[in-house]
Amino acid sequence: MRAPPVRTVCLLLLSCLLSPWSAGAAEAPWAIILGQDATRPPVTKLLAAQKKARAFAWVKPAKGFPKLVASKALPGLPEGQHFLLLGVCGTKEEAQAARALVRPMVPDVAVQQLTGPAALACPVPNALKAELPTDAKAQGSFAFPDAPGLELTVHRVAPSPALACPATDLWLRVVQGNAVLARHVMKGQCAGACTAQEQEAAKARVASLQAKARQGDSTAELMLKNVSVDCQARQTHFKTVLTELGQPVAVVAQEPAMSNRMPDVGMLVGTGCGKLIVSPYLSGETGTQDLSKVQAKADAEGPEGWRAFSVFVPGRDPTAQAERRHLGHFVWIAPKCEWVTDDEEGQDM
């Protein structure tokens, strides 16, 4: 059988190269779309707002991205639109992983497969140089909804150098695989007489108060109950995580600075502006409440519920609102990157 002419082979190869994408061809790339509009100015304004909100704190885009493009610039985008692109990835899995890095700050970010070839410019995690110590003890790992691979992790870590008391640090991190995107350390502390000089002074103070108490000084007798010669550990404890707000928000309780008879204070730790943010204290004497049972109710459902929500401890009947112990209403103030409390509004759960 005679071999086909060289010219015929070349034409066949050229036809394959120019033919539309098919199931047998390499996967068409995926665009990560941060927003779109029929005209360019609104998309430009959107990019400025996202940069101001630090929406790209966890992602390292390729050079020149995010950028504005018209639909004709990439095959398969709807005609007559302007798009704000975070990047273009070779596979759907890569695009979704990159999308997860901005979704907590840009809930509407989407991925869309193109219909033809395009230059790849896939973002990667903007990782911190913060390795977890080998002796860290995991206390929980909590996924971000609709953000594949993104997690809030909590670990108990021994401080370095070691403290005078058996206090440990609480590490909260946002991670994607091995990449650490944000970290907040709530350091353990020592309270009371922790140095040799402080212990000698405390013993002398106790001896002086005891002498006055024996002479009938009632004030000295009361003061003795609050004087200690011990070095006490002051810890921050992880209690639970709120999962009703579109992203995981940790509930922690901090021991008092001095007297172990004082109640613990509670607070929240969640993400905002690409960081882990600590809220104001929960209202009331939260030390008398079981903070491991804390729940939250967002003012509005959806992925941005963390921007305005109420926190409470349910009563014996979890469905009875009248039995709930209100602990605070929190509102996110974007320009300051912080939560503030508004209890009057929060009472209307």
Side-chain angles (χ1 to χ4, degrees), residues 54 56-60 101 104-105 125-144 147 149-192 194-195 231-243 245 247-258 260 262-282 286-287 291-292 294 306 311 328 330 332-333 336-340:
R54 299 187 77 245
F56 313 119
W58 296 346
V59 67
K60 186 181 295 182
L101 296 171
M105 288 77 80
N126 186 26
L128 303 177
K129 294 180 179 178
E131 294 184 4
L132 193 65
T134 56
D135 60 348
K137 296 180 180 179
Q139 296 200 311
S141 180
F142 310 93
F144 282 67
L150 209 64
E151 294 179 316
L152 172 69
T153 66
V154 185
H155 289 81
R156 180 68 63 187
V157 177
S160 180
L163 300 178
C165 62
T168 54
D169 299 338
L170 192 68
W171 283 30
L172 297 101
R173 307 187 308 158
V174 178
V175 301
Q176 187 181 62
N178 294 325
V180 181
L181 308 172
R183 186 188 74 162
H184 182 75
V185 179
M186 308 187 86
K187 299 188 73 65
Q189 301 174 13
C190 297
C194 296
T195 66
C231 181
Q232 301 176 347
R234 188 189 184 202
Q235 304 272 41
T236 300
H237 301 279
F238 169 68
K239 291 296 184 179
T240 187
V241 68
L242 304 176
T243 58
L245 303 174
Q247 61 168 278
V249 176
V251 180
V252 297
Q254 190 172 65
E255 295 176 356
M258 293 299 293
N260 56 13
M262 294 174 60
D264 295 353
V265 292
M267 62 198 81
L268 310 176
V269 184
T271 60
C273 296
K275 301 181 289 184
L276 280 166
I277 305 294
V278 180
S279 78
Y281 292 140
L282 301 179
T286 55
L291 294 184
S292 65
V294 165
W306 58 274
V311 178
F330 294 84
W332 179 252
I333 306 299
K336 296 184 178 181
C337 289
E338 65 181 19
W339 279 303
V340 298

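We count residues from 1, following the sequence as given.
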Exercise. Which is it for N126 and V59 under the side chain to side chain contact (heavy atoms under 4.5 Å, CB included) test, yes or no, and what are the steps along the way?
Worked result: CA-CA 5 Å; N126 186 26; V59 67; 5.6 Å; no
Exercise. Given R156 and H237, is the side chain to side chain contact (heavy atoms under 4.5 Å, CB included) satisfied, shown in steps?
Worked result: CA-CA 9 Å; R156 180 68 63 187; H237 301 279; 3.8 Å; yes
For this session: Quick one: do R234 and Q254 satisfy side chain to side chain contact (heavy atoms under 4.5 Å, CB included)? Show the steps, please.
Result: CA-CA 8 Å; R234 188 189 184 202; Q254 190 172 65; 3.3 Å; yes
Problem set entry | L268 vs L282, side chain to side chain contact (heavy atoms under 4.5 Å, CB included): CA-CA, chis, key distance, verdict | CA-CA 8 Å; L268 310 176; L282 301 179; 4.2 Å; yes
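Nearest heavy-atom pair across V157 and A136 is CG2-CB, 3.8 Å. Across G188 and L163, no two heavy atoms sit closer than the pair O-CD1, 3.4 Å. The heavy-atom pair separating A233 from E255 by the smallest distance is O-OE1, 3.1 Å. Considering every non-hydrogen atom in both L170 and Q139, the closest pair reads CD1-OE1, 3.3 Å. The two residues T240 and S292 have their closest heavy-atom pair at CB-O, 3.7 Å. Across L291 and G266, no two heavy atoms sit closer than the pair CD1-CA, 3.9 Å.
At a threshold of 4.5 Å between non-hydrogen side-chain atoms, the residues L101 and Q176 count as touching. The shortest distance between side-chain heavy atoms of L245 and F330 does not fall below 4.5 Å. L128 has its side chain out of reach of R173: every pair of non-hydrogen atoms, C-beta onward, lies at least 4.5 Å apart. Between F144 and P248, the closest side-chain pair of non-hydrogen atoms falls below 4.5 Å. At least one side-chain heavy atom of L150 sits less than 4.5 Å from a side-chain heavy atom of L181. In this structure the side chain of L276 reaches within 4.5 angstrom of the side chain of L152, judged on heavy atoms.
Of the possible polar contacts, one joining the Q235 side chain to the T168 backbone as a donor-acceptor pair under 3.5 Å is found. In this structure, Q247 contributes its side chain and P104 its backbone to no donor-acceptor pair below 3.5 Å. Without hydrogens or angle criteria, W339 side chain to P280 main chain gives no donor-acceptor distance under 3.5 Å.
For the atom pair CD1 (I277) and OG1 (T271), the distance works out to 8.5 Å, reported to the nearest 0.5 Å. To the nearest 0.5 angstrom, W171 atom CH2 is 8.5 Å from K187 atom NZ.
Between W332 and W306, the ring-plane angle classifies as perpendicular under the 30° and 60° cut-offs.
Cys pair C231 and C165 fails the test of SG atoms under 2.5 Å apart. In this structure, C337 and C273 have their SG atoms less than 2.5 Å from one another.
The environment of N178 atom CG is sparse: at most 12 non-hydrogen atoms of other residues, nucleotides or ligands sit within 6.0 angstrom.
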